[in-house]
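Just so you know, ligand 1 is whichever comes first in the structure, and atom 1 is the first atom listed for that ligand.
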Amino acid sequence: MPALAELIAVPPLAVSAVATPPHEAVADWLVVPVFDEEFPPVTASLDDKLGGALTRLRESGDLGTGPAETLVLPDVPALAASRLLVVGLGDPARLTRGRLAKAVRTATRIVSAKNDKADVDRVAFVMPATDGGPRAPAEIAETIAAEVAIARVGQGLYQRESKRVAFGTLELLVATADDLSEHVTAGVALGESVNLARGLVNAPADDVYPASYAEVCEAVAADVGLACTVLDERELEAERMGSMLAVARGSDRPPRLVKFEHRGGGDGPTLALVGKGVTFDSGGLSLKPSDGMKDMKCDMGGSAAVVGAMAAIARRKLPVNVVGYIGLVENMVSGNSYKLGDVLQTRQGTTVEVLNTDAEGRLVLADVLDYAVTTGCDAIVDLATLTGACMVALGEDVSGLFANDDDWSSRVQTAADAAGELVWPMPMHDHFAKLLDSDVADCKNVGPRWGGAVTAAKFLEKFVGDTPWVHLDIAGPAFAASSKPHREGGATGALVRTLVELASGYGE
Ligand code: BES
Ligand code: MN
Ligand code: ZN
(Lines give C-alpha, C1' and ligand atoms only; values in the text may rest on other atoms or scores of the structure.)
(Ligands and ions follow the chains in the order given, each with its own letter.)
Protein backbone atom coordinates (compact mmCIF):
# COMPACT_ATOMS: atom_id res chain seq x y z
CA MET A 1 0.00 0.00 0.00
CA PRO A 2 1.39 3.48 -0.86
CA ALA A 3 2.55 5.42 2.23
CA LEU A 4 -0.09 8.08 1.66
CA ALA A 5 -2.84 5.45 1.46
CA GLU A 6 -1.62 4.07 4.76
CA LEU A 7 -1.58 7.53 6.33
CA ILE A 8 -5.21 8.25 5.46
CA ALA A 9 -6.53 4.73 6.06
CA VAL A 10 -9.42 4.53 8.56
CA PRO A 11 -10.19 1.45 10.68
CA PRO A 12 -13.31 -0.28 9.32
CA LEU A 13 -16.76 0.17 10.87
CA ALA A 14 -18.89 -2.96 11.18
CA VAL A 15 -22.58 -2.06 10.93
CA SER A 16 -25.66 -4.18 11.38
CA ALA A 17 -29.40 -3.67 11.79
CA VAL A 18 -30.74 -5.76 14.69
CA ALA A 19 -34.11 -6.05 16.42
CA THR A 20 -32.73 -5.79 19.98
CA PRO A 21 -34.84 -3.65 22.35
CA PRO A 22 -32.79 -0.56 23.30
CA HIS A 23 -32.51 -1.38 27.03
CA GLU A 24 -31.03 -4.77 26.18
CA ALA A 25 -28.38 -3.49 23.77
CA VAL A 26 -24.92 -4.27 25.09
CA ALA A 27 -22.82 -1.27 24.10
CA ASP A 28 -20.49 1.43 25.37
CA TRP A 29 -23.07 3.99 24.29
CA LEU A 30 -26.75 3.84 23.49
CA VAL A 31 -27.85 6.74 21.28
CA VAL A 32 -31.56 7.59 21.33
CA PRO A 33 -32.96 10.10 18.82
CA VAL A 34 -36.13 11.93 19.90
CA PHE A 35 -38.58 14.13 18.02
CA ASP A 36 -40.41 17.03 19.63
CA GLU A 37 -43.60 15.01 19.93
CA GLU A 38 -44.90 12.31 22.23
CA PHE A 39 -42.45 9.43 22.63
CA PRO A 40 -43.17 6.60 20.18
CA PRO A 41 -43.55 3.07 21.66
CA VAL A 42 -39.84 2.21 21.45
CA THR A 43 -38.81 5.35 23.38
CA ALA A 44 -41.74 5.07 25.80
CA SER A 45 -40.75 1.54 26.76
CA LEU A 46 -37.14 2.63 27.25
CA ASP A 47 -38.45 5.47 29.42
CA ASP A 48 -40.39 2.89 31.48
CA LYS A 49 -37.20 0.94 32.13
CA LEU A 50 -35.61 4.20 33.27
CA GLY A 51 -38.45 4.82 35.72
CA GLY A 52 -39.83 7.69 33.66
CA ALA A 53 -36.57 9.66 33.77
CA LEU A 54 -36.81 10.74 30.14
CA THR A 55 -40.30 12.13 30.64
CA ARG A 56 -39.23 14.01 33.79
CA LEU A 57 -36.09 15.40 32.13
CA ARG A 58 -38.16 16.53 29.21
CA GLU A 59 -40.73 18.21 31.43
CA SER A 60 -38.01 19.97 33.43
CA GLY A 61 -36.48 21.23 30.18
CA ASP A 62 -33.21 19.34 30.66
CA LEU A 63 -33.89 17.10 27.71
CA GLY A 64 -34.13 19.23 24.58
CA THR A 65 -35.69 17.65 21.50
CA GLY A 66 -34.78 20.43 19.05
CA PRO A 67 -32.51 19.61 16.10
CA ALA A 68 -29.14 18.23 17.31
CA GLU A 69 -29.73 19.09 20.99
CA THR A 70 -28.04 16.48 23.16
CA LEU A 71 -28.19 15.15 26.70
CA VAL A 72 -25.70 12.67 28.14
CA LEU A 73 -26.64 10.27 30.96
CA PRO A 74 -23.44 8.46 31.89
CA ASP A 75 -24.81 6.11 34.56
CA VAL A 76 -28.06 4.29 33.84
CA PRO A 77 -28.27 0.99 35.76
CA ALA A 78 -31.43 -0.15 34.00
CA LEU A 79 -29.62 -0.40 30.68
CA ALA A 80 -27.26 -3.01 29.30
CA ALA A 81 -25.38 -0.11 27.69
CA SER A 82 -22.84 1.84 29.78
CA ARG A 83 -23.97 5.32 28.79
CA LEU A 84 -26.96 6.96 27.22
CA LEU A 85 -27.04 9.88 24.79
CA VAL A 86 -30.32 11.45 23.77
CA VAL A 87 -30.25 13.55 20.59
CA GLY A 88 -33.05 15.76 19.28
CA LEU A 89 -34.42 15.63 15.75
CA GLY A 90 -36.98 18.44 16.08
CA ASP A 91 -40.28 18.41 14.21
CA PRO A 92 -40.81 14.98 12.57
CA ALA A 93 -42.70 16.55 9.66
CA ARG A 94 -39.66 18.71 8.87
CA LEU A 95 -37.00 16.02 9.00
CA THR A 96 -34.60 16.47 6.09
CA ARG A 97 -31.59 14.38 5.31
CA GLY A 98 -29.38 17.33 6.20
CA ARG A 99 -31.02 17.80 9.60
CA LEU A 100 -30.81 14.10 10.41
CA ALA A 101 -27.18 14.01 9.30
CA LYS A 102 -26.30 16.94 11.52
CA ALA A 103 -27.92 15.34 14.58
CA VAL A 104 -26.25 11.99 13.92
CA ARG A 105 -22.84 13.59 13.52
CA THR A 106 -23.29 15.69 16.65
CA ALA A 107 -24.13 12.57 18.67
CA THR A 108 -21.29 10.60 17.09
CA ARG A 109 -18.74 13.31 17.82
CA ILE A 110 -19.70 13.11 21.50
CA VAL A 111 -19.53 9.34 21.77
CA SER A 112 -16.28 9.14 19.81
CA ALA A 113 -14.48 11.82 21.84
CA LYS A 114 -11.44 10.32 23.55
CA ASN A 115 -12.41 9.38 27.07
CA ASP A 116 -9.69 8.34 29.53
CA LYS A 117 -12.16 6.38 31.60
CA ALA A 118 -13.10 3.73 29.10
CA ASP A 119 -12.46 2.74 25.57
CA VAL A 120 -15.40 2.96 23.21
CA ASP A 121 -15.83 0.15 20.74
CA ARG A 122 -19.55 -0.57 20.47
CA VAL A 123 -22.23 1.98 19.78
CA ALA A 124 -25.95 1.17 19.52
CA PHE A 125 -28.20 3.66 17.75
CA VAL A 126 -31.96 3.51 17.99
CA MET A 127 -33.67 3.78 14.62
CA PRO A 128 -36.06 6.75 14.85
CA ALA A 129 -39.74 5.94 14.40
CA THR A 130 -40.71 7.33 11.04
CA ASP A 131 -44.40 6.58 10.64
CA GLY A 132 -45.91 9.12 8.31
CA GLY A 133 -42.78 11.31 8.25
CA PRO A 134 -41.21 12.58 5.06
CA ARG A 135 -38.21 10.23 5.13
CA ALA A 136 -38.33 6.53 4.32
CA PRO A 137 -36.75 4.04 6.77
CA ALA A 138 -34.23 2.98 4.12
CA GLU A 139 -33.00 6.54 3.72
CA ILE A 140 -32.82 7.08 7.47
CA ALA A 141 -30.86 3.88 8.04
CA GLU A 142 -28.46 4.74 5.25
CA THR A 143 -27.95 8.28 6.52
CA ILE A 144 -27.29 7.15 10.09
CA ALA A 145 -24.71 4.60 8.95
CA ALA A 146 -22.98 7.09 6.65
CA GLU A 147 -22.85 9.97 9.11
CA VAL A 148 -21.69 7.78 12.00
CA ALA A 149 -18.89 6.45 9.79
CA ILE A 150 -17.92 10.04 8.98
CA ALA A 151 -18.15 11.68 12.39
CA ARG A 152 -16.18 9.00 14.26
CA VAL A 153 -13.09 10.04 12.29
CA GLY A 154 -11.11 13.16 13.14
CA GLN A 155 -8.43 15.13 11.32
CA GLY A 156 -5.54 14.25 13.65
CA LEU A 157 -3.67 12.26 11.01
CA TYR A 158 -0.32 13.05 12.58
CA GLN A 159 -1.16 12.87 16.28
CA ARG A 160 0.60 10.17 18.27
CA GLU A 161 -2.61 9.76 20.15
CA SER A 162 -5.80 10.61 18.35
CA LYS A 163 -8.46 12.72 20.05
CA ARG A 164 -11.24 10.62 18.57
CA VAL A 165 -11.97 6.93 18.99
CA ALA A 166 -12.88 5.48 15.62
CA PHE A 167 -15.03 2.81 17.30
CA GLY A 168 -15.41 -0.43 15.39
CA THR A 169 -19.04 -1.49 15.77
CA LEU A 170 -22.36 0.19 15.15
CA GLU A 171 -25.67 -1.53 15.75
CA LEU A 172 -28.79 0.06 14.41
CA LEU A 173 -31.65 -0.99 16.67
CA VAL A 174 -34.71 -1.41 14.50
CA ALA A 175 -38.22 -1.83 15.90
CA THR A 176 -39.64 -4.08 13.24
CA ALA A 177 -38.02 -6.96 11.46
CA ASP A 178 -37.62 -4.76 8.36
CA ASP A 179 -34.45 -5.72 6.60
CA LEU A 180 -32.42 -2.56 6.47
CA SER A 181 -29.00 -4.21 6.32
CA GLU A 182 -28.57 -3.50 2.62
CA HIS A 183 -29.10 0.19 3.37
CA VAL A 184 -26.72 0.37 6.30
CA THR A 185 -24.08 -1.28 4.11
CA ALA A 186 -24.67 1.30 1.39
CA GLY A 187 -24.49 4.02 4.02
CA VAL A 188 -21.13 2.86 5.33
CA ALA A 189 -19.76 2.68 1.80
CA LEU A 190 -20.80 6.29 1.31
CA GLY A 191 -19.36 7.37 4.67
CA GLU A 192 -16.06 5.67 3.93
CA SER A 193 -15.89 7.44 0.58
CA VAL A 194 -16.50 10.80 2.25
CA ASN A 195 -13.68 9.90 4.65
CA LEU A 196 -11.41 9.06 1.73
CA ALA A 197 -12.02 12.53 0.30
CA ARG A 198 -11.43 14.07 3.74
CA GLY A 199 -8.18 12.18 4.25
CA LEU A 200 -6.82 13.29 0.89
CA VAL A 201 -7.62 16.92 1.68
CA ASN A 202 -6.44 16.81 5.29
CA ALA A 203 -3.05 15.33 4.42
CA PRO A 204 -0.73 18.24 3.63
CA ALA A 205 0.89 19.05 0.33
CA ASP A 206 4.21 17.53 1.28
CA ASP A 207 2.48 14.14 1.42
CA VAL A 208 -0.22 14.73 -1.21
CA TYR A 209 1.41 15.85 -4.46
CA PRO A 210 0.42 14.83 -7.98
CA ALA A 211 2.48 11.63 -8.18
CA SER A 212 1.63 10.38 -4.67
CA TYR A 213 -2.01 11.31 -5.18
CA ALA A 214 -2.18 9.43 -8.49
CA GLU A 215 -0.68 6.35 -6.79
CA VAL A 216 -3.41 6.42 -4.17
CA CYS A 217 -5.98 6.73 -6.96
CA GLU A 218 -4.62 3.57 -8.54
CA ALA A 219 -4.70 1.74 -5.21
CA VAL A 220 -8.28 2.88 -4.49
CA ALA A 221 -9.39 1.93 -8.00
CA ALA A 222 -7.90 -1.55 -7.65
CA ASP A 223 -9.59 -1.91 -4.27
CA VAL A 224 -13.11 -0.91 -5.33
CA GLY A 225 -13.03 -2.23 -8.91
CA LEU A 226 -12.66 0.89 -11.04
CA ALA A 227 -10.66 1.20 -14.23
CA CYS A 228 -7.97 3.85 -13.69
CA THR A 229 -5.52 5.47 -16.11
CA VAL A 230 -2.80 7.93 -15.13
CA LEU A 231 -1.29 10.38 -17.62
CA ASP A 232 2.16 11.64 -16.69
CA GLU A 233 3.86 14.85 -17.80
CA ARG A 234 4.98 13.45 -21.17
CA GLU A 235 1.54 12.17 -21.96
CA LEU A 236 0.05 15.53 -21.01
CA GLU A 237 2.50 17.15 -23.42
CA ALA A 238 1.47 14.69 -26.11
CA GLU A 239 -2.14 15.72 -25.42
CA ARG A 240 -1.04 19.37 -25.83
CA MET A 241 -2.46 20.41 -22.47
CA GLY A 242 -0.55 23.69 -22.54
CA SER A 243 -2.74 25.42 -20.01
CA MET A 244 -2.52 22.79 -17.26
CA LEU A 245 1.20 22.26 -17.95
CA ALA A 246 1.93 25.97 -17.57
CA VAL A 247 0.54 25.97 -14.03
CA ALA A 248 2.53 22.85 -13.18
CA ARG A 249 5.82 24.23 -14.53
CA GLY A 250 6.88 26.16 -11.43
CA SER A 251 6.83 23.08 -9.23
CA ASP A 252 9.40 20.36 -8.69
CA ARG A 253 6.48 17.95 -8.51
CA PRO A 254 5.37 16.95 -12.03
CA PRO A 255 1.63 16.95 -12.87
CA ARG A 256 -0.69 14.02 -13.42
CA LEU A 257 -4.13 13.50 -14.90
CA VAL A 258 -6.12 10.59 -13.51
CA LYS A 259 -9.07 9.06 -15.29
CA PHE A 260 -11.50 6.67 -13.54
CA GLU A 261 -14.11 4.62 -15.34
CA HIS A 262 -17.18 2.89 -13.97
CA ARG A 263 -19.19 1.16 -16.70
CA GLY A 264 -22.31 -0.20 -15.06
CA GLY A 265 -24.83 1.27 -17.49
CA GLY A 266 -24.27 -0.70 -20.70
CA ASP A 267 -24.90 1.53 -23.72
CA GLY A 268 -26.68 4.16 -21.63
CA PRO A 269 -25.35 7.73 -21.35
CA THR A 270 -22.09 8.66 -19.62
CA LEU A 271 -21.77 11.14 -16.79
CA ALA A 272 -18.38 12.83 -16.39
CA LEU A 273 -17.16 14.17 -13.04
CA VAL A 274 -14.20 16.56 -13.26
CA GLY A 275 -12.20 17.83 -10.30
CA LYS A 276 -9.66 20.57 -9.65
CA GLY A 277 -6.66 18.98 -8.02
CA VAL A 278 -4.22 21.76 -7.13
CA THR A 279 -2.33 19.95 -4.40
CA PHE A 280 -0.98 23.25 -3.14
CA ASP A 281 -1.86 26.75 -4.29
CA SER A 282 0.84 29.24 -3.35
CA GLY A 283 -0.64 31.64 -5.91
CA GLY A 284 2.48 31.31 -8.04
CA LEU A 285 4.22 34.62 -8.89
CA SER A 286 0.95 36.35 -7.93
CA LEU A 287 1.89 35.01 -4.51
CA LYS A 288 -0.72 34.70 -1.80
CA PRO A 289 -0.07 36.28 1.59
CA SER A 290 0.45 33.71 4.40
CA ASP A 291 -3.07 34.07 5.68
CA GLY A 292 -4.57 33.25 2.31
CA MET A 293 -2.09 30.41 1.72
CA LYS A 294 -2.20 28.55 5.03
CA ASP A 295 -5.12 26.27 4.10
CA MET A 296 -4.22 25.85 0.43
CA LYS A 297 -3.55 22.14 0.84
CA CYS A 298 -7.34 22.07 0.45
CA ASP A 299 -7.17 23.24 -3.17
CA MET A 300 -7.57 19.68 -4.42
CA GLY A 301 -10.96 19.37 -2.66
CA GLY A 302 -12.86 19.15 -5.95
CA SER A 303 -10.71 16.28 -7.13
CA ALA A 304 -11.07 14.53 -3.76
CA ALA A 305 -14.86 14.75 -4.09
CA VAL A 306 -14.56 13.06 -7.48
CA VAL A 307 -12.32 10.30 -6.10
CA GLY A 308 -14.67 9.73 -3.14
CA ALA A 309 -17.74 9.66 -5.36
CA MET A 310 -16.16 7.30 -7.90
CA ALA A 311 -15.19 4.95 -5.06
CA ALA A 312 -18.74 4.96 -3.66
CA ILE A 313 -20.29 4.49 -7.10
CA ALA A 314 -18.07 1.47 -7.73
CA ARG A 315 -18.61 0.02 -4.24
CA ARG A 316 -22.36 0.28 -4.74
CA LYS A 317 -22.13 -1.14 -8.27
CA LEU A 318 -24.53 1.53 -9.54
CA PRO A 319 -26.05 0.59 -12.92
CA VAL A 320 -24.78 3.74 -14.66
CA ASN A 321 -21.77 4.87 -16.67
CA VAL A 322 -19.61 7.40 -14.84
CA VAL A 323 -16.14 8.63 -15.69
CA GLY A 324 -14.02 10.76 -13.37
CA TYR A 325 -11.17 13.06 -14.39
CA ILE A 326 -8.89 14.89 -12.00
CA GLY A 327 -6.13 17.32 -12.97
CA LEU A 328 -3.28 17.25 -10.45
CA VAL A 329 -0.73 20.07 -10.25
CA GLU A 330 1.11 22.11 -7.65
CA ASN A 331 1.05 25.91 -8.16
CA MET A 332 4.48 27.08 -7.03
CA VAL A 333 7.09 29.78 -7.44
CA SER A 334 10.40 29.12 -9.17
CA GLY A 335 12.62 30.36 -11.97
CA ASN A 336 10.51 28.21 -14.24
CA SER A 337 7.10 29.46 -13.09
CA TYR A 338 4.59 30.69 -15.65
CA LYS A 339 4.44 34.46 -15.68
CA LEU A 340 2.00 37.33 -15.96
CA GLY A 341 1.60 38.27 -19.60
CA ASP A 342 2.33 34.76 -20.83
CA VAL A 343 -0.04 33.47 -23.46
CA LEU A 344 -1.02 29.83 -23.08
CA GLN A 345 -2.19 27.47 -25.76
CA THR A 346 -5.00 25.34 -24.35
CA ARG A 347 -5.63 21.81 -25.60
CA GLN A 348 -8.82 23.04 -27.23
CA GLY A 349 -6.96 25.76 -29.13
CA THR A 350 -8.23 28.88 -27.33
CA THR A 351 -5.29 31.08 -26.31
CA VAL A 352 -5.25 32.56 -22.81
CA GLU A 353 -3.40 35.63 -21.56
CA VAL A 354 -2.32 35.09 -17.96
CA LEU A 355 -2.87 38.20 -15.87
CA ASN A 356 -2.87 36.49 -12.49
CA THR A 357 -1.07 33.22 -11.77
CA ASP A 358 -3.35 32.71 -8.75
CA ALA A 359 -6.29 32.14 -11.10
CA GLU A 360 -4.74 28.74 -11.83
CA GLY A 361 -7.65 26.38 -11.18
CA ARG A 362 -9.51 27.45 -14.31
CA LEU A 363 -6.35 26.94 -16.37
CA VAL A 364 -6.09 23.36 -15.12
CA LEU A 365 -9.79 22.70 -15.62
CA ALA A 366 -9.80 24.20 -19.13
CA ASP A 367 -7.67 21.32 -20.40
CA VAL A 368 -9.28 18.63 -18.27
CA LEU A 369 -12.82 19.66 -19.24
CA ASP A 370 -11.82 19.70 -22.90
CA TYR A 371 -10.28 16.26 -22.48
CA ALA A 372 -13.48 14.96 -20.86
CA VAL A 373 -15.70 16.42 -23.58
CA THR A 374 -13.60 15.16 -26.48
CA THR A 375 -13.10 11.73 -24.92
CA GLY A 376 -16.88 11.38 -24.78
CA CYS A 377 -19.59 12.09 -22.23
CA ASP A 378 -23.21 13.18 -22.21
CA ALA A 379 -23.22 15.48 -19.19
CA ILE A 380 -20.56 16.99 -16.94
CA VAL A 381 -20.25 18.19 -13.38
CA ASP A 382 -17.01 19.84 -12.36
CA LEU A 383 -16.05 20.63 -8.79
CA ALA A 384 -13.42 23.13 -7.76
CA THR A 385 -12.25 25.24 -4.85
CA LEU A 386 -12.19 27.93 -7.47
CA THR A 387 -12.76 31.40 -6.04
CA GLY A 388 -12.70 33.36 -2.80
CA ALA A 389 -15.40 35.45 -4.50
CA CYS A 390 -17.84 32.55 -4.24
CA MET A 391 -17.28 32.53 -0.47
CA VAL A 392 -17.93 36.26 -0.37
CA ALA A 393 -21.21 35.63 -2.18
CA LEU A 394 -22.48 32.50 -0.43
CA GLY A 395 -20.50 32.06 2.79
CA GLU A 396 -18.61 29.00 3.96
CA ASP A 397 -21.35 26.39 3.81
CA VAL A 398 -23.01 26.85 0.42
CA SER A 399 -21.55 25.82 -2.95
CA GLY A 400 -22.17 27.98 -6.00
CA LEU A 401 -23.85 26.25 -8.94
CA PHE A 402 -23.15 27.54 -12.44
CA ALA A 403 -24.58 25.90 -15.57
CA ASN A 404 -25.04 26.13 -19.32
CA ASP A 405 -28.24 24.05 -19.27
CA ASP A 406 -31.32 24.57 -17.09
CA ASP A 407 -32.45 20.93 -17.01
CA TRP A 408 -29.04 19.65 -16.01
CA SER A 409 -28.73 22.42 -13.45
CA SER A 410 -31.99 21.46 -11.78
CA ARG A 411 -31.05 17.79 -11.75
CA VAL A 412 -27.86 18.60 -9.89
CA GLN A 413 -29.72 20.95 -7.55
CA THR A 414 -32.29 18.23 -6.84
CA ALA A 415 -29.54 15.71 -6.10
CA ALA A 416 -27.89 18.12 -3.67
CA ASP A 417 -31.20 18.79 -1.92
CA ALA A 418 -31.86 15.08 -1.58
CA ALA A 419 -28.32 14.51 -0.30
CA GLY A 420 -28.73 17.21 2.35
CA GLU A 421 -25.97 19.42 0.93
CA LEU A 422 -26.31 23.13 0.25
CA VAL A 423 -25.87 24.48 -3.30
CA TRP A 424 -27.33 27.62 -4.84
CA PRO A 425 -27.66 28.69 -8.50
CA MET A 426 -25.61 31.65 -9.69
CA PRO A 427 -26.10 33.93 -12.74
CA MET A 428 -24.43 33.16 -16.06
CA HIS A 429 -25.46 36.10 -18.27
CA ASP A 430 -23.51 36.62 -21.50
CA HIS A 431 -22.06 39.97 -20.48
CA PHE A 432 -19.85 38.31 -17.87
CA ALA A 433 -17.95 36.51 -20.62
CA LYS A 434 -17.06 39.84 -22.28
CA LEU A 435 -15.14 40.75 -19.14
CA LEU A 436 -12.57 38.13 -20.14
CA ASP A 437 -11.79 39.66 -23.55
CA SER A 438 -8.06 40.17 -24.13
CA ASP A 439 -6.17 42.44 -26.52
CA VAL A 440 -3.50 39.89 -27.32
CA ALA A 441 -5.13 36.48 -26.94
CA ASP A 442 -8.58 34.91 -27.27
CA CYS A 443 -9.24 35.63 -23.59
CA LYS A 444 -7.70 36.54 -20.25
CA ASN A 445 -7.66 34.24 -17.24
CA VAL A 446 -9.13 36.89 -14.89
CA GLY A 447 -11.88 39.46 -15.08
CA PRO A 448 -12.27 42.67 -13.05
CA ARG A 449 -12.71 42.74 -9.29
CA TRP A 450 -16.49 42.23 -9.12
CA GLY A 451 -18.33 39.03 -9.99
CA GLY A 452 -15.20 36.91 -9.73
CA ALA A 453 -17.01 33.61 -9.15
CA VAL A 454 -19.09 34.17 -12.30
CA THR A 455 -16.24 35.22 -14.58
CA ALA A 456 -14.35 32.12 -13.42
CA ALA A 457 -17.35 29.98 -14.41
CA LYS A 458 -17.68 31.82 -17.75
CA PHE A 459 -14.04 30.98 -18.40
CA LEU A 460 -14.70 27.28 -17.81
CA GLU A 461 -17.80 27.38 -20.01
CA LYS A 462 -15.60 28.05 -23.05
CA PHE A 463 -14.19 24.54 -22.76
CA VAL A 464 -17.30 22.37 -22.50
CA GLY A 465 -18.83 22.99 -25.92
CA ASP A 466 -22.49 21.98 -26.12
CA THR A 467 -22.33 19.31 -23.43
CA PRO A 468 -24.75 19.98 -20.55
CA TRP A 469 -22.45 21.18 -17.79
CA VAL A 470 -22.61 22.23 -14.17
CA HIS A 471 -19.73 23.82 -12.29
CA LEU A 472 -19.79 23.67 -8.50
CA ASP A 473 -17.55 26.18 -6.75
CA ILE A 474 -16.84 24.50 -3.40
CA ALA A 475 -14.22 26.96 -2.08
CA GLY A 476 -16.27 27.48 1.09
CA PRO A 477 -17.71 24.05 1.89
CA ALA A 478 -14.61 21.94 1.11
CA PHE A 479 -12.65 22.99 4.16
CA ALA A 480 -13.83 24.17 7.58
CA ALA A 481 -11.67 26.63 9.48
CA SER A 482 -12.70 25.25 12.89
CA SER A 483 -14.65 22.42 14.51
CA LYS A 484 -18.32 22.71 15.41
CA PRO A 485 -20.45 20.28 17.41
CA HIS A 486 -21.75 18.74 14.18
CA ARG A 487 -18.51 18.52 12.27
CA GLU A 488 -14.78 18.28 12.59
CA GLY A 489 -12.74 21.24 11.39
CA GLY A 490 -10.57 20.72 8.31
CA ALA A 491 -11.69 18.74 5.28
CA THR A 492 -15.42 18.05 5.04
CA GLY A 493 -15.75 15.69 2.08
CA ALA A 494 -18.36 18.11 0.74
CA LEU A 495 -20.35 17.12 -2.34
CA VAL A 496 -19.41 13.43 -2.36
CA ARG A 497 -22.95 12.69 -1.13
CA THR A 498 -24.45 14.87 -3.88
CA LEU A 499 -22.42 13.25 -6.65
CA VAL A 500 -23.37 9.75 -5.50
CA GLU A 501 -27.04 10.80 -5.34
CA LEU A 502 -26.78 12.30 -8.83
CA ALA A 503 -25.13 9.18 -10.22
CA SER A 504 -27.77 6.92 -8.61
CA GLY A 505 -30.51 8.68 -10.55
CA TYR A 506 -28.47 9.19 -13.73
CA GLY A 507 -29.74 7.26 -16.75
CA GLU A 508 -33.30 7.12 -15.42
N1 BES B 1 -7.72 28.24 -4.69
C2 BES B 1 -8.11 29.59 -4.82
C3 BES B 1 -9.54 29.87 -4.34
C4 BES B 1 -9.83 29.61 -2.89
C5 BES B 1 -9.85 30.65 -1.98
C6 BES B 1 -10.16 28.34 -2.44
C7 BES B 1 -10.14 30.41 -0.65
C8 BES B 1 -10.46 28.11 -1.11
C9 BES B 1 -10.45 29.14 -0.21
C10 BES B 1 -8.01 30.01 -6.27
O11 BES B 1 -7.04 29.38 -7.02
C12 BES B 1 -7.69 31.47 -6.27
O13 BES B 1 -6.63 31.80 -5.83
N14 BES B 1 -8.59 32.30 -6.77
C15 BES B 1 -8.39 33.69 -6.82
C16 BES B 1 -8.87 34.18 -8.15
C17 BES B 1 -8.46 35.60 -8.46
C18 BES B 1 -6.96 35.68 -8.63
C19 BES B 1 -9.17 36.03 -9.71
C20 BES B 1 -9.17 34.32 -5.67
O21 BES B 1 -10.25 33.83 -5.33
O22 BES B 1 -8.68 35.30 -5.11
MN1 MN C 1 -5.16 30.34 -6.83
ZN1 ZN D 1 -6.51 27.52 -6.42
- Electrostatic pair Asp406-Arg411, nearest N-O below 4.0 angstrom: no
- Task: Before accepting this row, confirm whether a basic side-chain N of the pair Arg362/Glu360 lies closer than 4.0 Å to the acidic partner's carboxylate O.
- Result: no
- Message: I need the atoms of ligand 1 closer than 4.0 Å to a non-hydrogen atom of Met391, numbered in the order shown.
- Response: 7 (C), 9 (C)
- Start with the C-alpha gap between Lys163 and Glu488, add the side-chain angles, then the distance that decides, and say whether salt bridge (charged side-chain N to carboxylate O under 4.0 Å, His left out) holds. CA-CA 11 Å; Lys163 291 180 179 148; Glu488 184 82 10; over 6 Å; no
- Query: Of the protein's non-hydrogen atoms, which lies at the shortest distance from atom 7 (C) of ligand 1, and what is that distance?
  - Reply: Met296 CE, 3.7 Å
- Protein-derived N, O or S atoms lying under 2.8 Å from the Mn ion (ligand 2), waters excluded: 4
- Message: Quick check: Gly388 and ligand 1, any N/O pair under 3.5 Å apart?
- Response: yes
- Message: Please report, to 10°, the angle around the Zn ion (ligand 3) from atom NZ (Lys276) across to atom OE2 (Glu360).
- Response: 90°
- Looking at Glu237 and Arg234, does any basic side-chain N land under 4.0 Å from a carboxylate oxygen? no
- Item | Residue-ligand contact Lys276/ligand 1, heavy atom below 4.0 Å | yes
- Look up atom 18 (C) of ligand 1 and tell me if a protein heavy atom lies less than 4.0 Å from it? yes
- Message: Out of the candidates Lys297, Gln155, Met300, only one should pair with Val201 under the side chain to side chain contact (heavy atoms under 4.5 Å, CB included) rule; please name it.
- Response: Met300
- Task: Provide the atom name of the closest N, O or S atom of Asp299 relative to the Zn ion (ligand 3).
- Result: OD2
- Task: If the plane angle is over 60° it's perpendicular, under 30° parallel, otherwise tilted; pick one for Phe463 and Phe459.
- Result: tilted
- Less than 3.5 Å between some nitrogen or oxygen of Thr387 and one of ligand 1, yes or no? no
- salt bridge (charged side-chain N to carboxylate O under 4.0 Å, His left out) between Lys288 and Asp358, intermediate numbers included: CA-CA 8 Å; Lys288 286 181 185 293; Asp358 198 12; 2.9 Å; yes
- Query: N/O to N/O below 3.5 Å, does that happen between Asn356 and ligand 1?
  - Reply: no
- Message: Looking only at protein heavy atoms, which one is nearest to atom 16 (C) of ligand 1, and what is the separation?
- Response: Arg362 NH2, 3.9 Å
- So do the side chains of Val258 and Tyr213 get within less than 4.5 Å of each other, counting heavy atoms only? no
- Query: With distance as the sole test, does Asp397 use its side chain to make a donor-acceptor pair with the main-chain N or O of Pro477 at under 3.5 Å?
  - Reply: no
- If you measure from CG on Leu495 to CD on Glu421, what distance do you get to the nearest 0.5 Å? 5.0 Å
- Task: Under the salt bridge (charged side-chain N to carboxylate O under 4.0 Å, His left out) rule, what do Arg253 and Asp206 come out as? Steps first, then yes or no, please.
- Result: CA-CA 10 Å; Arg253 310 284 204 185; Asp206 217 29; 3.5 Å; yes
- atom 22 (O) of ligand 1 protein-contacted, heavy-atom criterion under 4.0 angstrom: no
- Numbering the atoms of ligand 1 from 1, which are under 4.0 Å from a heavy atom of Val446? 19 (C)
- Task: Without swapping roles, check the side chain of Arg249 against the backbone of Ser334 for a donor-acceptor pair under 3.5 Å.
- Result: no
- Is the closest basic N to carboxylate O distance between Lys276 and Asp299 below 4.0 Å? yes
- Item | Thr385: numbered ligand 1 atoms lying under 4.0 Å from its heavy atoms | 1 (N), 2 (C), 3 (C), 6 (C)
- Output the list of atoms in ligand 1 that are nearer than 4.0 Å to some heavy atom of Glu360, sorted by atom number. 11 (O)
- If you look at Asp281, which of its N/O/S atoms is nearest to the Zn ion (ligand 3)? OD2
- Task: Evaluate salt bridge (charged side-chain N to carboxylate O under 4.0 Å, His left out) for Glu147 paired with Arg497, printing each intermediate quantity in order.
- Result: CA-CA 11 Å; Glu147 301 300 329; Arg497 299 168 187 81; 2.9 Å; yes
- Message: Looking only at protein heavy atoms, which one is nearest to atom 2 (C) of ligand 1, and what is the separation?
- Response: Asp281 OD2, 3.6 Å
- Query: Does ligand 1 have a heavy atom under 4.0 Å from the side chain of Leu386, from its backbone, from both, or from neither?
  - Reply: backbone
- Can you find an N/O atom of Asp358 closer than 3.5 Å to an N/O atom of ligand 1? yes
- Task: Starting from the C-alpha separation in whole Å, work towards a yes-or-no answer on side-chain hydrogen bond (donor to acceptor under 3.5 Å, both in side chains) for Ser193 and Arg315.
- Result: CA-CA 9 Å; Ser193 303; Arg315 279 181 175 128; 2.9 Å; yes
